[in-house]
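To start, the structure under review is shown below, and the notes come after it.
All figures in this text were calculated on a predicted structure; none of them were measured in a lab.
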Amino acid sequence: MLQAQIFAAGALGVDTLSRAAQASGAGIFERIAALQPDGRAWMADLYQSFAVGERGLTRASRRRFWEQGAAFSKLARSSLRWWHRFLLSGECFYRRETKPLIVEWTDSSGARCGGCDVNPDVGWVSAWTAEWPKWIRDKYSHGASNYKELRTLLVSLQRQEAAFDADGHCAHFGTVKICFTDNKFVADVLASGASSSSDMGPILRAIRTVCIKLRIRLIVCHVAGKRLVEQGTDGLSRDGGPSPAGEKLLTANWADALAGATPSGVIVDFVSAVFGGGRQIALGGRPLRMGELAGKRWLAFPEPWSASFWGDTAKMAATMDLDTDIVFVIPSRAESQWARSFRRIHKIGFVRAGTSPLWRLSEHESLNFYWLPRYRVRPPSEDRYFWKHAGDASSLHRMAAVLSPSPVATAASRFVRELASVQAAAP
């Protein structure tokens, strides 16, 4: 109970808590959205008890809490009271109603930042560009692209917050906002909800605060930098202001940045040569249930927005039937949204865009190949314990000669050979 309370406080990003506690509690604030009203009331009382130190915790619990985390500062207590107000009103919890969609691209350079917003339903497009203040240019003159890219997203949100404070309404209020960035760090820290950097923590909390105030569900997706150049947003962040590329913003093809791979004949033949044939093809538009995947050989092409469901379902299917064998072909788009679900699935290799007939240059992001092989019971001859405790110094050499490589290692080497042959056969 007490540990959960400390993690909940860490989810708010309180500076005085240890970084381990903040990282452990990252994202728990959003998960509370699935709880019942009683759960929301409990969390509200919890944050109030942290803010005033008199409600919700016994004296012994408070003593143990202060021993594990430093005392809250005055600013931290004020921040907790602010969160408590929103918890009571329920405005911070995501509701599953249909919300308007806003698509945004943001980019930053050493001297400027810029962005582009589009409403696919209405069709309006707006673009903005601004110069970094002198103190940012001086303090972060060398590198610090992660800081500037994250702050660019905050600037974009603060523009909408200023319009809301002035008129009581803004175009982004109560929307689902998909933001494309070419900085993977920004997508990762916003997906996890925490950062070990002292410069990034305040920005993350400010972004979260604005999103709750404007009731925005923010989804940040990482894409290749060449896609932003082609789309035109990259020109908005150049030193000379909007460039000719930035003046011609391509907003109609935003869905291409979230599209999955197409099961072309070249890819299917390549997968058959590397992982074996006889596989059923599954498209990402309709994710399959674990009962449909269990005990069969599949070649799946999930889309980035549903890849997390595919990965979790495949692992459960493998526990239902040990003969489950699935190959996933996924582009590196919005990877922070699904990478966690594929941590236990072997990444065999990837193909860069334009380097092979498997994946065109216009796709921009690389194409990844993941494999969940059928379970194989190892024979006693492959038990490394006996080789480890052998008295002979040459046991490692004998082990390398006797033991055959694992199926994953064999597939990885075969992947390299087949990819080289496909590239050599290309005109």
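Distance alone, capped at 3.5 Å, places no donor-acceptor pair between the E365 side chain and the V223 backbone. A donor-acceptor contact shorter than 3.5 Å links the side chain of T324 to the backbone of G295. Under a 3.5 Å cut-off, the side chain of Q337 and the backbone N or O of V220 do form a donor-acceptor pair. Under the 3.5 Å distance criterion, the side-chain polar atoms of E230 are left unmatched by any main-chain donor or acceptor of R227. Not a single donor-acceptor pair under 3.5 Å links the side chain of E149 to the backbone N or O of T181. Judged by distance alone, the side chain of R414 and the main-chain N or O of V274 form a donor-acceptor pair under 3.5 Å. Formation of a donor-acceptor pair under 3.5 Å by the W132 side chain with backbone atoms of R112 is found in this model. Using a distance-only test at 3.5 Å, with no hydrogens or angles considered, a donor-acceptor pair links the side chain of K315 to the main chain of S341.
Shortest non-hydrogen contact noted between W128 and S156 is CZ2-CB, 3.8 Å. When all heavy atoms of G115 and T233 are compared, the pair lying nearest together is CA-CG2, 4.2 Å. Closest approach of Y147 and I203 over heavy atoms only: CE1-CD1, 3.4 Å. Counting all heavy atoms, side chain and backbone alike, V103 lies closest to P120 at CG2-CG, 3.9 Å. When every heavy atom of W338 is checked against every heavy atom of P304, the shortest pair comes out as CD1-O, 3.5 Å. Closest non-hydrogen pair, I326 versus A300, comes out as CG2-CB, 4.5 Å.
A donor-acceptor contact under 3.5 angstrom links the side chains of S332 and N368, judged on distance only. In summary, the side chains of T152 and T106 do not present any donor paired with an acceptor at a separation below 3.5 Å, with no hydrogens or angles considered.
We find the NE2-CG distance between H364 and L228 to be 9.5 Å, quoted to the nearest 0.5 Å. Separating the CG atom in L218 from the CG atom in L157 is a distance of 6.0 Å, to the nearest 0.5 Å. Atom CG of L299 sits about 10.5 Å away from atom CG of D325, to the nearest 0.5 Å. Annotation: the span from S195 atom OG to N146 atom CG amounts to 8.5 Å, rounded to 0.5 Å. With rounding to the nearest 0.5 Å, the separation of CG in D107 from OG1 in T129 is 10.0 Å.
Put simply, the side chain of D188 does not reach to within 4.5 Å of the side chain of S192, judged on heavy atoms. Inter-residue side-chain proximity for L293 and W310 is flagged as met; some heavy-atom pair is nearer than 4.5 Å. L101 has its side chain within reach of I178: a pair of non-hydrogen atoms, C-beta onward, lies under 4.5 Å apart. Residues V176 and I102 are not in side-chain contact: their nearest non-hydrogen atoms beyond the backbone lie 4.5 Å or more apart. A 4.5 Å side-chain heavy-atom check between V189 and L204 finds at least one atom pair inside the cut-off.
Residues satisfying the salt bridge (charged side-chain N to carboxylate O under 4.0 Å, His left out) criterion with R360, sequence neighbours excluded, are E363.
When the shell of 6.0 Å around CZ of R352 is examined, it contains 12 or fewer heavy atoms from other residues, nucleotides or ligands. No more than 12 heavy atoms of other residues, nucleotides or ligands sit less than 6.0 Å from atom NZ of K226.
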Intermediate values then yes/no, salt bridge (charged side-chain N to carboxylate O under 4.0 Å, His left out), E303 and R333: CA-CA 9 Å; E303 297 177 347; R333 297 166 181 165; over 6 Å; no

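Separation of the F342 and F328 ring centroids falls under the 6.0 Å cut-off.
Partner of F369 under the ring-ring contact (aromatic ring centres under 6.0 Å, His included) criterion, chosen from W359, F270, F350, F301: F270.
Under the side chain to side chain donor-acceptor pair (under 3.5 Å) criterion, no residue pair touches residues 264-275, with sequence neighbours excluded.
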